[in-house]
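Below is one structure; the comments refer to it alone.
Values below: every heavy atom of this structure, side chains too, minus hydrogens, waters and symmetry copies. Just so we're on the same page: letters track the sequence lines, and every chain starts at 1.
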Number of protein chains: 2
Amino acid sequence: LFQSQSKVAKLLQLKAQLGGDEGKHVFVLKTAKGTRDYNPKQMAIREKVFSIIISCFKRHGAETIDTPVFELKETLTGKYGEDSKLIYDLKDQGGELLSLRYDLTVPFARYLALNKITNIKRYHIAKVYRRDNPAMTRGRYREFYQCDFDIAGQYDAMIPDAECLKIVYEILNELDLGDFRIKVNDRRILDGMFAVCGVPDEKFRTICSTVDKLDKMAWEDVKKEMVNEKGLSEDVADRIGEYVSMQGGQDLAERLLQDPKLSQNKQAFAGLTDMKLLFSYLELFQVTDKVVFDLSLARGLDYYTGVIYEAILSQTIPASVSTPAEQNGADEAGVSVGSVAGGGRYDGLVGMFDPKGRKVPCVGVSIGIERIFSIMEQKAETSSEKVRTTETQVLVASAQKNLLEERLKLTSQLWNAGIKAEVLYKKNPKLLSQLQHCEETGIPLVAILGEQELKDGVVKLRNVASREEVDVPRADLVDEIKKRTL
Amino acid sequence: LFQSQSKVAKLLQLKAQLGGDEGKHVFVLKTAKGTRDYNPKQMAIREKVFSIIISCFKRHGAETIDTPVFELKETLTGKYGEDSKLIYDLKDQGGELLSLRYDLTVPFARYLALNKITNIKRYHIAKVYRRDNPAMTRGRYREFYQCDFDIAGQYDAMIPDAECLKIVYEILNELDLGDFRIKVNDRRILDGMFAVCGVPDEKFRTICSTVDKLDKMAWEDVKKEMVNEKGLSEDVADRIGEYVSMQGGQDLAERLLQDPKLSQNKQAFAGLTDMKLLFSYLELFQVTDKVVFDLSLARGLDYYTGVIYEAILSQTIPASVSTPAEQNGADEAGVSVGSVAGGGRYDGLVGMFDPKGRKVPCVGVSIGIERIFSIMEQKAETSSEKVRTTETQVLVASAQKNLLEERLKLTSQLWNAGIKAEVLYKKNPKLLSQLQHCEETGIPLVAILGEQELKDGVVKLRNVASREEVDVPRADLVDEIKKRTL
């Protein structure tokens, strides 16, 4: 230990000599920028959220997999467009060049290609890494959880796609985060629309990412970007403007199928036909009350090839916890929480990894768990109900001195019987501090031992909340604790 | 997508131009060296193991925390002695210098100091990273899980230490991995022993790491290293040899307290007195049948200051799955699985992070979960029982054509009622392929819909294993499925 401490000291000296403009180095006690620890209370909330989400995935028959936190650098190369600059690389310490995973979708596609898997329904909950500008109060971190559900395989149109939307609906309902909407669109409809409006082929992707800003910017500003920065004519932009203001359901898909120009476009026709079919399945799944066909939904990622969707909470978070930079377009009451789930169909990604380019069609959804954590944590803070961080049923205590051995013996017997039990690590703790420990941590029962109880072969079982006490024979103690902590 | 594919192509070209001696680059489809994916079967085993371990931690009243996968580089500096070369650094992409965590103990100490926590009982299950030589068949990876339980706080001697040993005992029992032993020693006893034998102070640590090899090397070879490499005299080495051959329980601690030389050494006396106390608590916890006081146990890490321990399985793994390099000292039947848990007391580590050097005494244990996974996976492979990777209770099926909508509607109703249900994503799947899906994935029930059943308001519920079928009224279906899949 002393050796290690002196190493630290030497290092600090060295840094002070080499380092910075100020010529001195201060050891900073913190976590890396954009990351955070989870304390026990936050973990309790996180586990509750995970449990709801995993139950839903399992209800839909999903398996789970896991992949390493880093991949070969080249596995991630060319998958994220401009966002590639946000990838964390590992230092070249000899051997392979590695990067931290940026999402769970690319590792999933790599997994399918590597193992020649052509169909699977799986979920994957794990941390991903982005060297992004953190906005921690809104739940935007450099290390954050993704929570993905995907269906891979060659199936009949729109059935797995509809199940993904059903899953988003179920999860947002069960998490009880207030009202929400799920916007749906299709990359083929967008591309067809761009073609029909007169956007040159090579500008489809860049115009798509401008359209994607419509959830944060007014149409006027989006149009300006299209005309001034992306070089569209006003006419073309206005034609796009008409389409992207359209919202509806199955009816809108039917109406656009009658649109003479749009229905002549092969891509748009295929997309609209599938959209109509999708809504008929969503009707059977009873989720159409929250799903909107919205032509302004674009989504950034390059790899989508068909249906895309995004879920938005109606609720806002208090303005006090959001930074000014985050409040663009927010009203006085607060800033919209924004997207809490998103996904779509990506039929080409697996083929990029397969040596022979064999395609595996995929559709999936990613739950934006960090924003959900933020909301749940804020809820917990304002709620009067205390979040318990342990599940302890009983504390083994004593009011008298020199009973440590008896306390340890009884505690051990309770553990062996499967009871969650604690005992204070003191030879002679005061009864008051033992009771306080229960109140602070929410332990509902105390099993109190004294000379008299030992003589009588009983334990005094005390209810912490009501302060009631009863003598329970040692032989009945386990059953009695189980009965009282159901 | 095409854009991305062409980017990959361009990159491959570029690499081919720049790259290597052969002047060509092959895209390698693999995971990073020393890492692995977990497939659904491996995940099912992993979850079972975690569930047993977490239940035990919760039974002992532990909370859980989580920390980021990377820390500031300087947080890890000077904590691991020579092993520091195995730390993964992140590339300097501007901003802070970061490293992947090497274990969970140093981040825990950093967490306590950062948050000024002076007592906590917590577990932490997460992946850690070491640029070590992988031996994957034995469960040694570059990315691997650690599973730590620690008690921090100023308490009366040996009570938390005894609970850690109780926990190891409970977990290894419940995992059902065969017979095991837990070796216990104390850094203070080792140091006292070295002093009494005549080892110079500055050689304590290096001699300690030579002693640590006794579980893999014969005493003769260990002695040679002490004399030839570390420069001890034969006499001194022989005196150490006498001590490190000693094994026992409370009796051995008492006997060594009578040893005139050893008991005169302050460190050794304190360690032996605590060892005696520890065994008296282990007696109350009824775990002394597996715990051995073993003077040859040393453990590598610098930061231990008191009690240390290590659990070893008696079982061996088949020689066929171990590489020749791993078979040093193994008998023909196989190679010893070795240590599956270890830990000890480290009272100085938190103080290294505290600006004022305030100490928080800690004791903990780490479960070697990867070795346990390896054993469980091998067990599952040789077992006849099939590992299920989903929990689906029922498949909604049809023998007739054009009933997709009815299948989807019923499936949705079952999901809404909390039943785990699947439906094939085909318009008109064959009954045979629907039944095969059940047999392959272990789904126990099929709910079959046909024109007649729809007319009668019933569903034919089929038991996949027994092939029995009964007509169940739609209103009773949920209860019937629940009853049959308890």
Side-chain angles (χ1 to χ4, degrees), chain A residues 1 3-5 7-8 11 29 31-33 35 37-40 43 58-59 61 63-70 72 77-79 88-91 95-96 98 111 113-114 143 155-156 159-160 281 284-285 302-303 305 348 352-353 389-392 405 408-409 412 415 420 422 425-427, chain B residues 1 3-5 7-8 11 29 31-33 35 37-40 43 58-59 61 63-70 72 77-79 88-91 95-96 98 111 113-114 143 155-156 159-160 281 284-286 302-303 348 352-353 389-392 405 408-409 412 415 420 422 425-427:
Chain A
L1 191 71
Q3 207 180 5
S4 304
Q5 275 174 327
K7 270 185 205 165
V8 172
L11 191 94
L29 187 60
T31 62
K33 184 180 175 189
T35 69
D37 296 318
Y38 284 81
N39 67 31
M43 286 299 281
K58 288 190 172 171
R59 192 161 59 239
E63 308 177 294
T64 186
I65 68 160
D66 195 16
T67 65
V69 82
F70 44 67
L72 298 186
T77 304
K79 308 299 185 304
Y88 276 100
D89 293 327
L90 269 72
K91 190 169 152 186
E96 301 161 336
L98 306 171
Y111 173 84
L114 178 57
E143 170 182 71
Y155 299 117
D156 283 327
I159 314 177
Y281 295 151
L284 297 170
F285 286 166
D302 271 7
Y303 52 61
T305 56
M352 289 175 71
F353 290 106
T389 58
T390 66
E391 298 176 8
T392 310
E405 301 207 341
L408 293 182
K409 214 160 96 185
S412 179
W415 287 332
K420 293 167 191 149
E422 284 182 59
Y425 305 125
K426 295 274 178 188
K427 273 189 206 160
Chain B
L1 191 71
Q3 207 182 3
S4 303
Q5 276 174 328
K7 267 187 208 164
V8 172
L11 190 93
L29 187 59
T31 62
K33 184 180 175 189
T35 68
D37 296 318
Y38 284 81
N39 67 33
M43 286 299 280
K58 287 190 173 170
R59 193 161 59 238
E63 309 177 294
T64 186
I65 69 161
D66 195 16
T67 65
V69 81
F70 44 67
L72 298 187
T77 304
K79 308 300 184 305
Y88 276 99
D89 291 329
L90 268 72
K91 192 170 150 184
E96 301 162 336
L98 306 171
Y111 173 83
L114 178 55
E143 171 183 68
Y155 298 118
D156 282 326
I159 314 176
Y281 295 151
L284 297 171
F285 286 166
Q286 295 174 280
D302 272 7
Y303 51 61
M352 290 175 70
F353 291 106
T389 58
T390 66
E391 297 176 8
T392 309
E405 301 207 341
L408 293 182
K409 214 160 94 184
S412 179
W415 286 332
K420 293 167 191 149
E422 284 181 59
Y425 305 124
K426 295 274 178 188
K427 274 189 205 158

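Atom NZ of A:K91 and atom NZ of B:K91 lie 12.0 Å apart (nearest 0.5 Å). For the atom pair NZ (B:K409) and CZ (A:F285), the distance works out to 12.5 Å, reported to the nearest 0.5 Å.
Contact count versus chain A (heavy atoms, under 4.5 Å) is highest, among B:L284, B:D37, B:L408, for B:D37. Ranked by heavy-atom pairs shorter than 4.5 Å toward chain B, the options A:T67, A:T64, A:T389 are led by A:T64. Of all the listed residues (A:T392, A:T31, A:L98), the one sharing the greatest number of non-hydrogen pairs under 4.5 Å with chain B is A:T31. For the set A:K420, A:K33, A:E422, A:R59, the count of heavy-atom pairs under 4.5 angstrom toward chain B peaks at A:R59. Comparing A:V69, A:D89, A:I65 by heavy-atom pairs within less than 4.5 Å of chain B, the highest count is held by A:D89.
Nearest heavy atom pair, residue B:A32 against residue A:L72, reads CA-CD2, 4.1 Å. A pairwise comparison of heavy atoms in B:L29 and A:F353 identifies CD2-O, 3.6 Å as the closest pair. Between A:M43 and B:D66, the shortest heavy-atom contact is SD-CB, 3.7 Å. The two atoms that bring B:Y155 and A:Y425 nearest to each other are CB-O, 3.4 Å, heavy atoms only. Between B:G61 and A:T390 the shortest heavy-atom distance is O-CG2, 3.4 Å. Here the closest non-hydrogen pair linking A:K426 and B:I159 is N-CD1, 4.0 Å.
Looking at A:L114, both its backbone and its side chain come within 4.5 Å of chain B, counting heavy atoms on both sides. In this structure, chain B has a heavy atom under 4.5 Å from the side chain of A:E143, while its backbone stays farther away.
Under the 4.0 Å criterion applied to side-chain N and carboxylate O atoms, A:K58 and B:E391 are assigned as salt-bridge partners.
Between A:Y88 and B:F70, the two ring planes are tilted [angle within 30° to 60°].
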